[in-house]
Amino acid sequence: MGCVHGKCCIRFPKSSSGDEKEDLDVFRGKDTYILANSSLEVEVVDVPFQNYRLEYSVLTHRGYYPETPEKENQDSYCIRTKIQGNPDAHFFGVFDGHGQFGTQCSNFVKDRLVEILSNDVTLFDDPVKAYKAAFLSTNDELHSSDIDDSMSGTTAITALVIEDRLYVANVGDSRAVIAIKEGNRVLAQDLSYDQTPFRKDECERVKLCGARVLSVDQVEGLKDPGIQSWGDEETQGGDPPRLWVQNGMFPGTAFTRSIGDSTAEKIGVVADPEVLTVQLMPNHPFFVVASDGVFEFLSSQNVVDMVTKHADPRDACVSIARESYKLWLEHENRTDDITVIIVHVKDLTMTV
């Protein structure tokens, strides 16, 4: 979300992990930061079912926070091919941590979620049920871990390919998008829907659980808290509606679903994912899984257009990251962490 404090109104400590490997380098220019490509890889995995293949690349880049310039990248990602040894099952996930221990939360979840899926004997019988169960079990395990997730957690946008079907499970406000080729046009179709108080259904759900839904200005008394209309997420600007306990100024989350966030869980934030299923078709050239650092100022169609211009997913990853970074600095004095996975669907033919 476009708030100076990020997803939740918690200040971040400086990184204690030292240098971290990233896919882009940052060079300080006169008035801006310029991204320079370093080594990215293209991986290929064959899908025997329908005899097609997936070609993919991933990029993650730490955000720029002038008040905490050494803050670590709280995004993480997981790509696991051949789930349970099945050459037709492949997993792609992006996890956007937030709060003081957001990095630990996102890393915990990216490891445990796919492991739980990999050990679920019902996965191929009922993928949706197994997917939902994996999210809830991961949430329970995070609560029971040594990580303090009372005011920290992670969103999760994940895509699971099984044969020629794509299952997308989401908690939070990161996003998955699939491209649809129609004649000379390539159109974007969202595979997830941001779970924030901008959504009326999500807003009403958390209110019934006891949440106050107010912007920072409202909760601080600068604007009328009785006005329960915040426009829409595309045009609202930098002061989004957030969740607060009844008699306190916390936790201030700008999302309504996540993994972790045990305090926010008491006022309606849940780890139960929304799962969308898509039949992959020959006119689906690629899909994208990315953190909200990409989509804060780029629409789904913008992202699809940028991928379409590049045959190589590495070039598309860099292009999207550069543009996202540039737009962040044009609109705010910081950038969010940025993570993007691009998966090309190659040589898929119609089922006979």
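Everything numeric here is computed off the predicted structure, so don't read it as measured data.
The side-chain hydrogen bond (donor to acceptor under 3.5 Å, both in side chains) search around Asn139 returns His143, Glu265, not counting sequence neighbours. With sequence neighbours excluded, no residue satisfies side-chain hydrogen bond (donor to acceptor under 3.5 Å, both in side chains) with Ser118. Taking the side-chain hydrogen bond (donor to acceptor under 3.5 Å, both in side chains) definition, one finds that Arg199 meets it with Asp201, Glu274, sequence neighbours left out.
For residues 118-139, the pairs satisfying salt bridge (Lys or Arg N to Asp or Glu O under 4.0 Å) are Lys132-Asp272, with sequence neighbours left out. The salt bridge (Lys or Arg N to Asp or Glu O under 4.0 Å) contacts involving residues 141-160 comprise Arg112-Glu141, where partners must be two or more places apart or lie in separate chains. Among pairs with a residue in residues 338-350, those fulfilling salt bridge (Lys or Arg N to Asp or Glu O under 4.0 Å) read Arg53-Asp347, at least two apart in sequence or across chains.
Each of Thr154, Asp261, Thr103 was compared with His98 under the side-chain hydrogen bond (donor to acceptor under 3.5 Å, both in side chains) criterion, and only Asp261 meets it.
Aromatic pair Trp244/Phe250: centroids not less than 6.0 angstrom apart. Ring centers of Phe92 and Tyr56: under 6.0 Å apart, within the cut-off. For His61 and Tyr325, the ring centers sit closer than 6.0 Å to each other.
No salt bridge links Glu204 with Lys200; every basic N to acidic carboxylate O contact stays at or beyond 4.0 Å. We find that Glu67 and Arg334 are not joined by a salt bridge, their nearest charged nitrogen and carboxylate oxygen being 4.0 Å or further apart.
Minimum heavy-atom separation, Ser150 to Ser262: CA-OG, 3.0 Å. The two residues Val42 and Arg314 come nearest to each other via the heavy atoms CG2-NE, 3.2 Å. Closest approach of Gly97 to Ser106, counting heavy atoms only: N-CB, 3.8 Å. Heavy atoms only, all atoms of each residue included: Pro273 and Val171 are closest at CA-CG1, 3.5 Å.
No donor-acceptor contact under 3.5 angstrom links the side chains of Asp337 and Ser291, judged on distance only.
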Could you go step by step and tell me if Asp292 and Arg175 meet the salt bridge (Lys or Arg N to Asp or Glu O under 4.0 Å) rule? CA-CA 7 Å; Asp292 76 320; Arg175 194 178 303 176; over 6 Å; no
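Between the side chain of His284 and the backbone N or O of Leu280, no donor-acceptor pair lies under 3.5 Å.
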